[in-house]
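See below for the structure under consideration.
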Amino acid sequence: MTHQLTEQEIVRRQKLDQLRAAGINPYPAEEFIINATAADIHENYERDKTNYKDISIAGRIMSVRVMGNASFAEIQDQTGRIQIYVRRDDICPGEDKSMYNTVFKKLLDIGDIIGITGYVFTTQVGEISIHVTSLKLLSKALRPLPIVKTDESGNTFDAVTDPEFRYRQRYADLIINATVKDTFVKRTKMMNAIREHLNNLGLLEVDTPVLQPIPGGAAARPFITHHNALDVPFYLRIANELYLKRLVVGGFDGVYEFSRNFRNEGMDRTHNPEFTVLEFYVAYRDYEWMMKTCETMLEKVALAIHGTTEVPMGDKIINFAAPFKRITLFDAIKEHTGIDVTALNDEELKTAARNLGCNIDNTMGRGKIIDAIFGDKCEGTYVQPTFITDYPVEMSPLTKKHRSKEGLVERFELMVNGKELANAYSELNDPIDQRERFEDQVKLMERGDDEAMYIDHDFLRALEYGMPPTAGIGIGIDRLAMIMTNNASIQDVLFFPQMRPEKWD
RNA sequence: GAUUCCGUAGCUCAGCUGGUAGAGCAUUACACUUUUAAUGUAAGGGCCCUGGGUUCGAAUCCCAGCGGGAUCACCA
């Protein structure tokens with residue numbers, strides 16, 4: 001590739017040569033030991049001044065203000081920023097002033113990574129700063145960093161907001177936009193809170209295959225790949241459900257996995273081709289237990305991140321205080337449309353859905369029509385966490401039939417902020433019923449439903465050995481992260497959201 | 001995939017009904033030993049996304065393409 005160098009890039013390469021000519025390695029190999037961070041100094045210096053007399057800290061230069069023979073600069077480390085004060089005669093005690101006049105003033109740039117030693121003091125204007133006694137270049141930056149300025153009341157100027165720049169060059173986004181890092185720290189805290197909760201319940205974290213011979217456990221178009229040595233196709237997993245249930249058959253009574261799933265479908269602000277779902281399964285439990293477990297866990301997650309159950313999302317406040325509201329699917333539809341699904345036959349239902357403006361085609365069975373009505377007319381209205389329960393059997397091929405309601409299954413979905421956040425059920429463990437459900441899926445596929453499930457014979461074999469009654473759930477981790485970090489786009493909670501590859505010719 | 005908006009200096013953005021480019025920050029030079037969106041003076045920096053078309057003349061108007069955002073469809 002031939003990248004035409006800009007004026008500023010040429011200047012920085014020239015500085016690189018000058019540094020080497022002056023005997024300074026711009027990329028030294030030896031370690032630079034630090035004993036402080038920016039956040040540590042800001043938090044603790046005032047009440048413990050004696051401990052900050054001899055500090056060593058490293059970071060990236062983010063701004064420089066030269067005032068003749070003394071200068072102020074800001075360096076940024078993982079924890080934040082701190083001002084440093086560089087005085088010529090302190091870093092150049094002898095006759096040779098070139099370290100200050102040439103190296104610091106001319107050859108260092110915003111974006112360079114330096115290590116300094118010195119002592120902490122408070123400036124006349126009251127800012128905690130580091131008085132530098134020695135300075136060492138640790139890495140020279142050859143590409144100019146976009147400068148974002150912030151004034152004393154916190155207003156930012158010239159912030160880089162271009163989504164393409166931010167997502168393609170996340171490394172730069174993380175350096176210049178302070179809130180971005182915080183989002184990802186919160187995402188990890190959220191996953192840690194979930195892990196802790198599930199571990200305390202006695203569940204075992206496991207890993208199951210990403211490369212699968214049959215893409216099972218969900219209805220979606222898979223990515224397909226090929227194994228050369230075996231000369232067979234493999235699919236990137238669309239879900240891990242069937243593998244976790246195999247482990248329950250094998251005697252693990254509680255298992256969970258953060259599963260990176262892959263679906264070859266559209267991308268928008270709530271969909272990325274690869275995304276993360278937490279699934280967990282617990283033997284001898286049912287979906288009623290799972291609702292309680294789910295709401296307790298999400299309440300804990302909100303507390304871990306926000307210290308309160310009330311989570312801001314856009315202009316709304318979402319309250320994760322348990323228990324969450326519960327309503328059956330049919331009651332939800334009746335409430336929002338006045339339609340009593342149970343009173344209508346298939347044709348009447350189809351007509352009613354069309355009258356509501358739903359997009360209905362003739363391949364759709366009763367279950368899909370009901371799903372369409374709910375999706376169009378109800379789903380978006382559930383801002384506060386709400387469990388929607390008891391779905392038609394046709395749209396739930398892996399779910400146990402309802403203990404008392406004919407034609408329904410023991411399933412719930414959790415709606416938050418008008419979107420599905422979780423999907424759970426009492427797992428179907430009757431192998432003969434399961435085989436029939438798979439066969440119904442094949443019929444749907446033959447009718448033209450391109451997202452019906454494949455038969456997984458090995459999974460059926462596992463069920464025939466006997467699976468205990470089990471409750472299972474899948475929770476969209478990216479969507480949960482969006483809510484917990486108040487971001488409207490999935491791209492903002494993924495470090496490297498999928499983009500069309502750049503052309504470098 | 002459909003509709004729509006956007007693409008100008010390293011970054012943020014101006015650029016009117018067509019007359020071949022401007023500002024702030026950044027960069028370069030000089031001054032300044034407690035400043036903080038530091039300041040003052042001066043200078044340099046542009047395939048105006050790409051390719052066609054209209055026109056005497058296009059950053060500007062039209063068409064196509066590329067890239068991105070938003071909305072819709074499919075899905076989680």
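Just so we're on the same page: letters track the sequence lines, and every chain starts at 1. This structure is a prediction, so every number in the text was calculated from the model and none was measured.
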Check the distance between [N]'s [atom2] and [X]'s [atom1] and give it to me in whole angstrom.
X: A/Asp158; N: B/C11; atom1: CG; atom2: P; value: 12 Å
X: A/Met62; N: B/U35; atom1: CE; atom2: C1'; value: 18 Å
X: A/Leu145; N: B/C11; atom1: CG; atom2: P; value: 11 Å
X: A/Asp162; N: B/G7; atom1: CG; atom2: P; value: 11 Å
X: A/Asn155; N: B/U12; atom1: CG; atom2: P; value: 19 Å
X: A/Leu142; N: B/U27; atom1: CG; atom2: P; value: 15 Å
X: A/Glu9; N: B/C11; atom1: CD; atom2: P; value: 10 Å
X: A/Met67; N: B/C30; atom1: CE; atom2: P; value: 17 Å

Between [N] and [M], how far apart are the two [atom1] atoms, rounded to whole Å?
N: B/C6; M: B/U60; atom1: P; value: 13 Å
N: B/G57; M: B/A14; atom1: P; value: 30 Å
N: B/C62; M: B/G22; atom1: P; value: 25 Å
N: B/A9; M: B/G46; atom1: P; value: 11 Å
N: B/G24; M: B/G15; atom1: C1'; value: 15 Å
N: B/C32; M: B/C16; atom1: P; value: 44 Å
N: B/U33; M: B/U39; atom1: C1'; value: 15 Å
N: B/G65; M: B/U4; atom1: P; value: 13 Å

Cationic N near anionic O, under 4.0 Å, A/Asp182 to A/Lys186: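 A/Lys186 and A/Asp182: salt-bridged.
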Should A/Asp371 and A/Lys368 count as an ion pair when the cut-off is N to O under 4.0 Å?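 A salt bridge is absent here (no side-chain N lies under 4.0 Å from a carboxylate O).
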Taking the six-membered ring for Trp and the full ring for Phe, Tyr or His, determine whether the centres of A/His336 and A/Tyr382 are under 6.0 Å apart.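 Yes: the rings meet the under 6.0 Å criterion.
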When we call it a touch if two heavy atoms are under 4.0 Å apart, what does [X] touch: a base, just sugar-phosphate, or nothing?
X: A/Glu164; result: sugar-phosphate
X: A/Gln8; result: base
X: A/Glu127; result: base
X: A/Glu502; result: nothing
X: A/Val125; result: base
X: A/Arg269; result: sugar-phosphate
X: A/Ala218; result: nothing
X: A/Phe165; result: nothing
X: A/Asp90; result: nothing
X: A/Thr123; result: base
X: A/Thr270; result: base

Paired with [N] by Watson-Crick or G-U wobble geometry, both distances under 3.5 Å: which nucleotide is it?
N: B/G46; answer: none
N: B/A29; answer: B/U41
N: B/G1; answer: B/C72
N: B/C11; answer: B/G24
N: B/G67; answer: B/C6

N/O (side chain, [X]) to phosphate O (OP1/OP2, [N]) under 4.0 Å:
X: A/Arg168; N: B/G68; value: yes
X: A/Arg65; N: B/U35; value: no
X: A/Arg479; N: B/A76; value: no
X: A/Lys105; N: B/C30; value: no
X: A/Arg500; N: B/G68; value: yes
X: A/Lys149; N: B/A26; value: yes
X: A/Gln491; N: B/G69; value: yes

Give the ring-plane orientation class for A/Phe104 versus A/Tyr100, where under 30° counts as parallel, over 60° as perpendicular and anything between as tilted.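 Parallel, since the angle between the ring planes stays under 30°.
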Give me the ring orientation class for A/Tyr119 and A/His131: parallel if the planes are under 30° apart, tilted from 30 to 60°, perpendicular past 60°.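 Parallel, since the angle between the ring planes stays under 30°.
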Upstream residue (5' side of RNA chain B) when A/Ala70 and A/Glu152 are each assigned their closest nucleotide: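 It is A/Ala70, whose closest nucleotide lies nearer the 5' terminus.
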Both A/Asn69 and A/Val66 contact RNA chain B. Taking the nearest nucleotide for each, which residue is further toward the 5' end?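 Going by which nucleotide is closer to the 5' end, it is A/Asn69.
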Would you say whether A/Phe275 stacks on B/A76? The test is a distance between ring centres of less than 5.5 Å and an angle between planes of less than 30°.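 Yes; centroid distance and tilt both under limits.
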To the nearest 0.5 angstrom, please state how far the CD1 atom of A/Ile24 sits from the NZ atom of A/Lys140.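 Rounded to the nearest 0.5 Å, the CD1-NZ separation comes to 10.5 Å.
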Check whether more than 12 heavy atoms from other residues, nucleotides or ligands sit under 6.0 Å from atom CG of A/Asp268, and answer yes or no.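 Counting other residues, nucleotides and ligands, CG of A/Asp268 exceeds 12 neighbours.
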Enclosure of A/Glu152 CD (heavy-atom neighbours >12, cutoff 6.0 Å):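 No, the 6.0 Å shell around CD holds no more than 12 heavy atoms from other groups.
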Compare the minimum distances between each of B/G10, B/A37, B/A76 and the side chain of A/Asp151, then state the nucleotide with the smallest one.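 Of the options given, the side chain of A/Asp151 lies nearest B/A37.
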Residue that, paired with A/Tyr287, satisfies side chain to side chain donor-acceptor pair (under 3.5 Å) out of A/Thr389, A/Thr399, A/Asp390: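 Output: one option passes, namely A/Asp390.
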